[in-house]
Amino acid sequence: MFNKLLHYALKQRTGHLFIGMLNGLLPCGFVYLAMVGALNTPSSFTAAQYMFWFGAGTLPLMLLATIGSGFMGYSFRRRINKAIPYVMVCLGCWFILRGLNLNIPYLSPAKPSADSAICQ
């Protein structure tokens, strides 16, 4: 029955909106990270606030990406898709360098000593 409804929704133009709304309910990796952060809060009310503000913070960028994609041409999107793997490799190398604590300013800061206070 679900397959018939999905097939019908894909054939109808308004069905695309419904399927898109269902897709919005599927969590991504960042939502899972936010849920872990919400689990670390002291009460269910503050966990709900945490998730609300996470959603409110991501909404502007998601709207910008959705609206902005309509202004980009196919060739520009193709160039972005080709560049993404290289950006990911650079991010991975950066995270490894940061984890090594090599004391390189702005790239790999030194690990704070045990006697220094991070927050005053």
Side-chain angles (χ1 to χ4, degrees):
M1 174 157 170
F2 182 74
N3 286 338
K4 287 181 183 180
L5 286 173
L6 186 61
H7 185 66
Y8 177 76
L10 286 173
K11 286 191 174 215
Q12 305 298 320
R13 190 166 179 88
T14 56
H16 291 194
L17 174 67
F18 178 70
I19 291 173
M21 290 169 54
L22 283 177
N23 187 33
L25 295 175
L26 296 174
C28 68
F30 290 117
V31 173
Y32 289 124
L33 288 173
M35 283 190 230
V36 170
L39 283 173
N40 286 324
T41 59
S43 71
S44 58
F45 179 72
T46 54
Q49 280 184 319
Y50 188 97
M51 291 304 293
F52 172 79
W53 289 113
F54 171 77
T58 58
L59 185 66
L61 186 59
M62 296 304 262
L63 282 174
L64 181 69
T66 303
I67 294 169
S69 67
F71 294 108
M72 289 184 234
Y74 175 74
S75 62
F76 183 71
R77 285 187 302 220
R78 205 166 110 196
R79 282 186 284 182
I80 288 176
N81 285 337
K82 285 184 178 182
I84 286 175
Y86 299 108
V87 171
M88 290 292 126
V89 167
C90 290
L91 277 173
C93 291
W94 181 40
F95 289 157
I96 289 170
L97 282 173
R98 287 188 64 87
L100 291 174
N101 297 323
L102 298 175
N103 198 16
I104 303 170
Y106 303 108
L107 181 63
S108 180
K111 193 176 195 178
S113 62
D115 58 339
S116 66
I118 295 174
C119 296
Q120 299 282 340

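- The line from CE of M51 to CG of L39 is 9.5 Å long, rounded to the nearest 0.5 Å.
- Atom CD1 of I67 and atom CE of M62 lie 12.5 Å apart (nearest 0.5 Å).
- Atom CD1 of I80 and atom NZ of K82 lie 13.0 Å apart (nearest 0.5 Å).
- Annotation for R78: atom CZ does not count as buried by contact number, only 12 or fewer foreign heavy atoms lying within 6.0 Å.
- In this structure, N81 CG and Y74 OH are separated by 8.5 Å, a value rounded to the nearest 0.5 Å.
- Nearest heavy atom pair, residue P60 against residue A56, reads CD-O, 3.2 Å.
- A single hydrophobic cluster is seen to contain both F95 and L107, as judged by linkage of ILVMFWY side chains at heavy-atom distances under 4.5 Å, directly or through other members.
- Side-chain contact between F54 and V31 is present, with heavy atoms from C-beta onward closer than 4.5 Å.
- When hydrophobic clusters are built by joining Ile, Leu, Val, Met, Phe, Trp and Tyr residues whose side-chain heavy atoms come closer than 4.5 Å, directly or via intermediates, F30 is not grouped with L61.
- A47 and A38 make their closest contact through CB-O, 3.4 Å (heavy atoms, listed as atom of the first residue, atom of the second, distance).
- Cluster membership for Y50 and V36, using ILVMFWY side-chain heavy atoms within less than 4.5 angstrom, is not shared.
- No chain of hydrophobic side-chain contacts below 4.5 Å, direct or via other Ile, Leu, Val, Met, Phe, Trp or Tyr residues, connects L64 to M72.
- Separating the CG atom in L102 from the CD1 atom in I96 is a distance of 11.5 Å, to the nearest 0.5 Å.
- Residue L17 holds its CG atom at 13.0 Å from CD of Q12, rounded to the nearest 0.5 Å.
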